[in-house]
Amino acid sequence: MVIPVPAYVTDYQPGSGPRRAPRSWLHSDAPRLSLNGDWKFRLAPTARLDEAAAATDFDDQDWDTLPVPSHWVLHGDGKYGQPAYTNVQYPFPIDPPHVPDENPTGDHRRSFTLPDWDVESIVLRFDGVESVFKVWLNGTEVGVGKGSRLATEFDVTDLVRPGQNVIMVRVHQWSSMSYLEDQDQWWLPGIFRDVTLLGRPRGGIEDVWLRTAYDHETGVGTVTPELVAHPTAFPVTVEIPELGIGQIYRSAEDLAPIVLPSVEPWSAERPRRYTATVRSTGEQVELQLGFRTVRIDGERLLVNGRQVIFHGVNRHETHPERGRVFDEDHARADMITMKRHNVNAIRTSHYPPHPRVLELADELGFWVIDECDLETHGFGYLGWQGNPSDDPAWREAYLDRVARTVERDKNRPSVIIWSLGNESGSGANLAAMAQWIRSRDPERPVHYEGDYTGSYTDLYSRMYPSLVEMTSILSDTGEIMGCGPAEAQRVRRLPYLLCEYVHAMGNGPGGIAEYEAFLDVSPRYHGGFVWEWRDHGLLTRAEDGTPYYGYGGDFGEVVHDGNFVMDGLVLPNDRPSPGLAEFAAVSQPLRFDRDGATLIITSRYHSADLAGLRVRGVLETDGRPTADVELTVPALAPGDQVTVELPEKLITADGPGEGWLTVLAELSDPTPWADAGHVVARGQWLLTEEPAPAPIPVRPAETVPATETVELGPAVFDATTGTLTSLHGVPVAGPRLELFRGPTDNDRSSSRGSYELGAPEATRGEGTKGPSSAERWRQRGLDRLVHRVLAVTASDTGLTTRVRVSAANSGRFVDVDQLWTLTDGELSLRVDLTPSQGWDCTWPRVGVRFDLPADCEQADWFGTGPLESYPDSTVAAQVGRFSGSVDELNVVYSRPQETGHRAELRDLAIGTGEATRLRVATRPDQAGHRPGFTLTRHTPQDLDRAEHPYQLAANDAIYLYVDNAVHGLGSRSCGIDVLPQHALWPGAHTFTLTFPAP
């Protein structure tokens, strides 16, 4: 007999069986039994299965064991299939609502003992199952659940029995609902959130919503209770002990607001909460209340009367070993890292997270956009033809999803905006969702980025607009994408935010500061959310057992989107990237400006004053502290500005050298997310005049060397090639011109326009469509340069080498003159670089490479740091003295690429950690500019060839790159190209280095 595919796998219905109405996630004293733990498990290749395994007497002894919660593809070393990553593509034919017969189906089975509960009813709750599931209890079908990241509750009162019970859950990887769940993430089937049996007491509270409001003018707070309960549950008491509230309601008709004359409001900066209990005749639930009022006033989004500015991130649920299985300690640690880096907002891309995440947001303090579990992005490949968002057949599924989102999370004060979903085109079903939200919760606005004309949402939201388009949107005139003149005027009257901007993929993003600057342009702009918080790499192993973080294509996927899933500010191993440090510096809540001896402090806080902060001024001379003073700062209200007179000892440099004043705002007391001393904001200024420019070494009379080697003070050169062989007794090779870098993910992408190929204003400011920068660099041979020595001449005090550098099958070249001089015992190198005509692409870098012994692993430097910096990512860079090993200086991105550049080097000492072996110093040019440096184990060509870190060559050298200039980072992997002012175009360069004795 041929078993048909079950109809529920491909129907449009949101579920079946005794599904209960969606309700709040509550902390209750009602009995509960966790069904998490080891379940018996078997995997079938299709959904065509009989129901024999649901029987109570079925013998499952030969089944495997699988933990719940889990994703089965992350267990069994491939036995149960593999994870698959796509961004937009559906990993099955686009034939809605159908899915292939090849549909991995996992049966999960276990027994449990029903406690001796004295309850009225019993509920079986699933908090997250991907994709669709069917449940049997004691051999009887319960129902079908859909909506992978949404809770489903079944009433199983009539199916459970005293003593032992048997439950089976059949999970299908693909279903009609997979068309609604095409979020940019791994496809990971399984029961990945909690399974719980709930006892519902007589006289219990089915649902409760304590709506809170705050009047910012009077300080009055209001609690408006909404209860779903049987009449036998009354009287119901609402208690807020800290506020002396003990309100008794004798019946549902008695429910009325509780007015509190004075409360402290909740905000992301001051997350003040009050414990409330709601007690009926049969149950007590506890909630944490936060008093706040959300309101749109014209073009501004206000909370408690003040405009909210989002310095946010998009947060997926992901872990390199558990996938989307929730771990509270890990989530808390992540959110603490956010707080430490000035992240104040989270968009729950693109589904409601585990409910504890939102409680942590309440506790720690974040503005939250809570997003529905919805994305149909793959229909974009069909020009949105057949998109469920405008198909009446899907309407019930859409409304079901938004109701389950709102009802579960409605008590959370951190949630200030509801979002319909992501990248699902537009249509009537989305408009119906928005209308449902307004009828259910008119106090919180509705967001959806795809409503480009503002026809059914309350906020105007965009992804990755160019700076030209940003200007147009925030001005009174100009084109707005997808809008006619009347529609453009409508969206210009709405608050504007970027639900996604600057793509944090690999080394980047660049240009965060340019977007931040628009906050000073228009009050309509409310900031944005970086894509995204964390890389989604999955820990896997190479054939030889070497661990690495896998991405799309590493698991044999038929279609995939490569390493596009590695696009976070935090790496898979929990290490914050330099991009996160840049974000923190750009987003800091205090801005410092200096006018002579006057420090100007501007608050960018929403609701916090300076209580809990201390402000210090530190004076350093050549990177060494000479004064440290705590400043007395007047009271500073949110959004206001104060001035502070700086003491003389902070603005007068102590002796010769560079004098730098740094002002730090740091925590004076510990908080739940950082210890005292944590720096939340800083500013830095050079007090002394710029150092004198480098003198141009005089070229002495020279002759062709007559020996095999040339000695010049501490340096020994090969007389034929003019290259170093030894410096201060250390074997050294170089210098060698390098114009290439290991392409970043932004360098490799051509998804958006190029500013190299046409006017930056083209295509609404995105530039001209064309090849990636990396492709253009390779076409012109920058990754395979060869050298031809034109001349080597020497004298008693100098050596000059002229080299022509070019690539195979290219007529373009660069002439490099290296002038070594010995003056009063000091060895210096001047590099003059002159390109030929015909160069028509940017250069990744302009610098020289020195090959050092493998034990030269430690760097101590005076310059910018502590982290890497590039022309469009410099706000976090501070001038000072720093140190680190070669491995600490370079970021291990999941796909190897350019990393480690520190700009504006003054002095660098390289050694073994026990002794300095070499020193390199720079001299400023006529404009005061100095070269930067990179110390690495790998050449750009190594980085370019490897797809994963374990594939990098094991070199027996350390490479020092001294770069006079480098190309910016941009965000072209999913955003704009490197802005023209941060791009490196071919040109003549001159820079000078000295090599003091170690």
Visitor: Assess, by modelled atom type and distance only, whether the side chains of Asp561 and Gln89 contain a donor and an acceptor separated by less than 3.5 Å.
Guide: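 Judged by distance alone, the side chains do pair up.
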Visitor: Give a yes or no on whether a salt bridge exists between Glu181 and Arg401, defined as a side-chain N under 4.0 angstrom from a carboxylate O.
Guide: yes
Visitor: Evaluate Arg748 against Ser973 for side chain to side chain donor-acceptor pair (under 3.5 Å), listing each step before the verdict.
Guide: CA-CA 7 Å; Arg748 294 175 184 271; Ser973 56; over 6 Å; no
Visitor: In Å, rounded to the nearest 0.5 Å, how long is the span from CG of Asp747 to CZ of Arg972?
Guide: 9.5 Å
Visitor: Do Met168 and Asp107 have side chains that approach each other closer than 4.5 Å (heavy atoms only, starting at C-beta)?
Guide: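 Sidechains of Asp107 and Met168: in contact.
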Visitor: I'd like to know if Asp127 and Arg125 make a salt bridge, using a cut-off of under 4.0 Å between side-chain N and carboxylate O.
Guide: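 Looking at Arg125 together with Asp127, the answer is yes, because their closest N to O distance falls below 4.0 Å.
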Visitor: For Ser426 and Tyr456, which I'm curious about, is there any donor-acceptor pair between the side chains at under 3.5 Å?
Guide: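 Note: Ser426 and Tyr456 side chains meet the donor-acceptor criterion.
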Visitor: Between Lys146 and Asp400, is there a side-chain N and carboxylate O pair less than 4.0 Å apart?
Guide: no
Visitor: Output, in order, the C-alpha distance, side-chain angles, deciding distance and verdict of salt bridge (charged side-chain N to carboxylate O under 4.0 Å, His left out) for Asp101 and Arg48.
Guide: CA-CA 8 Å; Asp101 287 345; Arg48 299 176 184 272; 3.2 Å; yes
Visitor: Under 3.5 Å, is there a donor on one side chain and an acceptor on the other for Ser176 and Tyr12?
Guide: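 Their side chains do not contain a donor-acceptor pair, so the 3.5 Å distance test is not met.
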Visitor: Trp384 vs His377 aromatic rings, parallel, tilted or perpendicular, using cut-offs 30° and 60°?
Guide: parallel
Visitor: Check whether any side-chain heavy atom of Trp394 sits under 4.5 Å from a side-chain heavy atom of Pro97, and report yes or no.
Guide: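 Yes, at least one pair of side-chain atoms sits under 4.5 Å.
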Visitor: Report yes or no: do Thr86 and Trp187 form a side-chain donor-acceptor pair below 3.5 Å?
Guide: yes
Visitor: At their closest point, which heavy atom of Pro83 faces which heavy atom of Leu74, and how far apart are they?
Guide: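 Minimum heavy-atom separation between Pro83 and Leu74: CG-CD2, 4.2 Å.
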Visitor: Would you indicate whether the side-chain heavy atoms of His75 and Pro67 approach each other to under 4.5 Å?
Guide: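 Yes - at least one pair of side-chain heavy atoms lies under 4.5 Å apart.
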Visitor: Does Asp409 form a side chain to side chain donor-acceptor pair (under 3.5 Å) with Thr405? I'd like the steps, not just the answer.
Guide: CA-CA 6 Å; Asp409 298 338; Thr405 298; over 6 Å; no
Visitor: Is the distance from the ring center of His172 to that of Tyr8 below 6.0 Å?
Guide: yes
Visitor: Are Trp63 and Phe58 an aromatic pair, judged by ring center distance below 6.0 Å?
Guide: yes
Visitor: Rounded to the nearest 0.5 Å, how far apart are CH2 of Trp72 and CG of Leu188?
Guide: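 Here the interatomic distance stands at 10.5 Å.
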Visitor: Apply the ring pair (Phe, Tyr, Trp, His ring centres under 6.0 Å) test between His316 and each candidate in Tyr85, Trp186, Trp531; give the one that qualifies.
Guide: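 Exactly one pass, corresponding to Trp531.
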Visitor: Let's go through Asp567 and Asp184 carefully: what are the C-alpha distance in whole Å and the side-chain angles of both, what is the deciding distance for side chain to side chain contact (heavy atoms under 4.5 Å, CB included) to 0.1 Å, and is it a yes or a no?
Guide: CA-CA 11 Å; Asp567 49 9; Asp184 177 7; 4.1 Å; yes
Visitor: Any carboxylate oxygen within less than 4.0 angstrom of a Lys/Arg side-chain nitrogen, looking at Glu51 and Lys134?
Guide: yes
Visitor: Taking atom types as modelled, is there a side-chain donor on Glu449 or Ser461 under 3.5 Å from an acceptor on the other?
Guide: no
Visitor: Would you mind checking if Arg193 and Glu317 are paired as a salt bridge, meaning a charged N to carboxylate O distance below 4.0 Å?
Guide: yes
Visitor: What pairs with His447 under ring-ring contact (aromatic ring centres under 6.0 Å, His included), at least two apart in sequence or on another chain?
Guide: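 Testing His447 for ring-ring contact (aromatic ring centres under 6.0 Å, His included), a comparison that skips the adjacent residues, returns none.
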Visitor: Flag the pair Asp373 and Arg149 as a salt bridge only when some basic side-chain nitrogen lies within less than 4.0 angstrom of an acidic carboxylate oxygen.
Guide: yes
Visitor: Given Asn746 and Ser749, is the side chain to side chain donor-acceptor pair (under 3.5 Å) satisfied, shown in steps?
Guide: CA-CA 5 Å; Asn746 293 319; Ser749 177; over 6 Å; no
Visitor: Is the shortest heavy-atom distance from the side chain of Phe126 to the side chain of Val135 under 4.5 Å?
Guide: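 Contact flag for Phe126/Val135 side chains = yes.
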Visitor: Do the ring centers of His948 and Tyr551 come within less than 6.0 Å of each other?
Guide: yes
Visitor: How long is the span from the CD1 atom in Ile167 to the CG atom in Leu124, to the nearest 0.5 Å?
Guide: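 Between atom CD1 of Ile167 and atom CG of Leu124 there are 4.5 Å.
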Visitor: When rounded to the nearest 0.5 angstrom, what distance separates CZ in Arg895 from CG in Asn563?
Guide: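 Answer rounded to 0.5 Å: 5.5 Å.
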Visitor: Does any non-hydrogen side-chain atom of Pro69 lie less than 4.5 Å from one of Phe326?
Guide: no
Visitor: Taking the side chain as everything from C-beta on, heavy atoms only, tell me whether Asp64 gets closer than 4.5 Å to Leu66.
Guide: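 Sidechains of Leu66 and Asp64: no contact.
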Visitor: Checking Asn314 against Arg347 for the side chain to side chain donor-acceptor pair (under 3.5 Å) test, could you report, in this order, the C-alpha distance in whole Å, the side-chain angles of both residues, the deciding distance, and whether it holds?
Guide: CA-CA 5 Å; Asn314 286 273; Arg347 176 179 176 229; 2.9 Å; yes
Visitor: Answer yes if the side chains of Ser389 and Ser424 hold a donor-acceptor pair under 3.5 Å, and no otherwise.
Guide: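 Distance-only check fails for Ser389 and Ser424.
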Visitor: Find the distance between CZ (Arg776) and OG (Ser750) and round it off to the nearest 0.5 Å.
Guide: 12.0 Å
Visitor: Is the shortest heavy-atom distance from the side chain of Tyr90 to the side chain of Thr376 under 4.5 Å?
Guide: yes
Visitor: Could you state the interatomic distance from CG (Leu498) to CZ (Phe529), rounded to the nearest 0.5 Å?
Guide: 10.0 Å
Visitor: Answer whether the closest heavy-atom distance between the side chains of Val171 and Glu130 falls below 4.5 Å.
Guide: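 No, too far: nothing below the 4.5 Å cut-off.
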